[in-house]
Amino acid sequence: MALKKIYLDNNATTPCDPRVVETMVPYFFEHHGNAASRSHPFGWEAEEAVDYAREQVANLIYADSKEIIFTSGATEADNLALKGAYEMYRRKGNHIITLTTEHKAVIDTCHKLEKQGAEITFLDVERDGLVDLKKLEAAIKPNTIMISVMWANNETGVIQPMKGIGEICKKHGVLFFSDGTQAVGKIPTNPRELGIHLMAFSAHKMYGPKGVGALYVSRKNPRVKVTAQVDGGGHERGMRSGTLNVPGIVGFGKAAEIAKKEMAQDAERLSGLRDKLEKGLCQLEETYINGNVDHRMPHVANISFKHVEGEGLMMTFNQEIALSSGSACTSASLEPSYVLIALGLGDDLAHSSLRFSLGRFSTEEEVDYTIEAISKGVNHMRDLSPIWEMFKEGVDLTKIEWSEH
Amino acid sequence: MAYSNKVLEHFKNPRNVGTLDKGAKNVGTGLVGAPECGDVMRLQIEVDADTGLIQDAKFKTFGCGSAIASSSLATEWLKGKTVDEALEIDNMDIVEELALPPVKIHCSVLAEDAIKDAIKDYRQKNGIESKAEAAA
């Protein structure tokens with residue numbers, strides 16, 4: 001069966017929905033104004049378009065439009081939330097708690113803050129990827145100002161107990177920041193209801209354009225402020241200067257509107273396809289699903305194929321099927337996924353993992369083809385694998401003295 | 001990262017995949033790398049006792065495409081060589097032949113190590129000292 005290329009890497013980025021593209025186009029030439037130009041119709045049109053999009057984005061997360069700060073993406077929003085809140089509230093304390101499975105945009109920002117005097121606790125997660133609420137609460141100290149926990153993990157799709165974390169934060173008077181990049185637009189996300197004060201998210205993970213994201217900043221109960229990290233013309237209520245990316249924001253708004261309308265049906269269809277994919281692939285021996293399967297994004301599957309190296313496996317099908325491997329063999333250090341390692345997987349299983357992330361445009365035909373192609377690839381790699389052979393012969397692989405290199 | 005056509009060719013049609021009888025006296029087995037590093041290579045040579053030539057070579061590799069291609073190429077090169085000639089195979093020859101990028105050079109190093117390890121095993125089994133050891 002000859003197919004077009006199959007895209008199962010929607011956690012990396014999603015295609016921009018054609019309905020979104022269509023909405024954006026007029027804002028490149030016809031309505032090209034600067035939303036901050038108050039003195040002529042070009043500026044007014046742009047401002048109006050941004051206001052409308054801000055409503056659409058706010059509406060998706062059940063927030064007030066004044067609580068949306070547009071940024072260049074989720075990474076910038078993560079930086080603004082962590083650095084901005086640290087700067088704003090450091091007089092109250094310097095301790096931040098986060099997880100070892102967070103995205104690099106959070107982890108590296110926390111490391112940067114450490115150099116500036118912050119004390120960061122990187123909390124381990126349980127084997128299923130979930131944070132233990134008791135351990136989280138126990139990590140709170142008198143100088144804790146913020147807890148930063150991502151809503152859904154990008155590699156495993158595991159959804160953290162946001163409600164419980166929100167309650168802990170409320171009880172201890174600690175700010176709650178969440179990187180919601182993988183969750184917003186895919187599952188219902190209502191930060192106010194769950195006690196989240198700051199939340200970062202991005203357009204291009206929900207079928208919008210790249211280069212635009214937002215930070216939700218709670219305006220009442222409590223009113224949260226963050227110190228600007230980009231200074232200039234005082235845009236975005238002084239929290240993020242810089243001429244607004246009007247076409248991007250218009251696209252973000254449309255993507256948010258569509259997401260809100262179609263989220264439930266997309267989720268239902270994709271979880272069906274995901275389950276079919278997992279069931280099909282788990283027919284192979286020694287195949288393991290990573291992460292909690294009951295608290296997980298509907299479109300994500302992370303699977304380890306024992307004794308097969310992920311990057312090599314990908315080469316058997318990556319001309320046709322796009323997805324991600326937990327094995328980062330592209331660097332000299334050969335580091336496997338730190339997220340899977342944090343789940344307690346051995347380096348070998350982490351190297352043997354693939355992440356499938358389905359999306360709005362994935363079809364059942366594609367899933368069927370993927371099951372077939374990957375099963376073939378796994379068998380090919382196992383025929384080539386000396387450790388698979390030893391495993392089949394009953395050799396205890398842990399007893400072998402491997403030569404580290 | 002894009003792989004060279006030669007790597008892709010060896011990856012899709014690996015040469016000399018298999019297992020020789022590691023108990024046989026004229027078979028040398030090399031096993032290098034570690035699963036947690038993402039690479040394990042097993043390379044075996046079978047030496048003709050009369051001619052001293054490597055008459056067969058087999059491999060199995062757990063690893064990325066470059067690691068598989070490096071070991072596949074190594075088995076091709078080993079056949080028909082004497083053990084001493086085989087020791088002269090340099091990892092940079094593999095890098096050049098397969099056009100490996102810098103981040104994949106370790107794959108060729110591993111293949112060279114596997115060759116040396118297999119020869120060492122063969123020599124130990126047959127009570128042959130290497131030239132270096134004999135000179136020392």
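Proteins come first, then strands; the chains are lettered A, B, ... in the order of their sequence lines, and each starts at number 1.
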*asked:* How long is the straight-line distance from CD1 of B/Ile68 back to CE of A/Met315, given to the nearest 0.5 Å?
replied: 7.5 Å
_Between A/Glu309 and B/Cys64 (side chain of the first, backbone of the second, donor and acceptor by atom type, cut-off under 3.5 Å), is there such a pair?_
yes
*Taking the side chain as every heavy atom from C-beta outward, state whether B/Leu31 and A/Glu401 have any atom pair closer than 4.5 Å.*
no
*Please state whether the side chain, the backbone, both or neither of B/Val40 comes within less than 4.5 Å of a heavy atom of chain A.*
both
*Rounded to the nearest 0.5 Å, how far does OG1 of B/Thr61 lie from CE of A/Met381?*
9.0 Å
*Look up atom CG in A/Leu384 and atom OG in B/Ser71, then write down how far apart they are to the nearest 0.5 Å.*
8.5 Å
*Rounded to the nearest 0.5 Å, what's the gap from CG on B/Asp39 to NE2 on A/His351? Could you check?*
8.0 Å
*Neighbour count above 12 (heavy atom, 6.0 Å) for A/Glu126 CD*: yes
*Distance-minimising heavy-atom pair for A/Asp383 and B/Val17*: O-CG1, 3.9 Å
*Closest non-hydrogen atom pair between A/Glu311 and B/Tyr3, with its separation*: OE2-OH, 2.6 Å
*Using a heavy-atom cutoff of under 4.5 Å, enumerate the residues of residues 4-16 of chain B that contact chain A, numbered in order, or state 'none'.*
B/Val7, B/Leu8, B/Phe11, B/Lys12, B/Pro14
*With rounding to the nearest 0.5 Å, note down the distance linking OG in A/Ser385 to CZ in B/Arg42.*
9.5 Å
*Heavy-atom proximity to chain B below 4.5 Å, by part of A/His307*: backbone
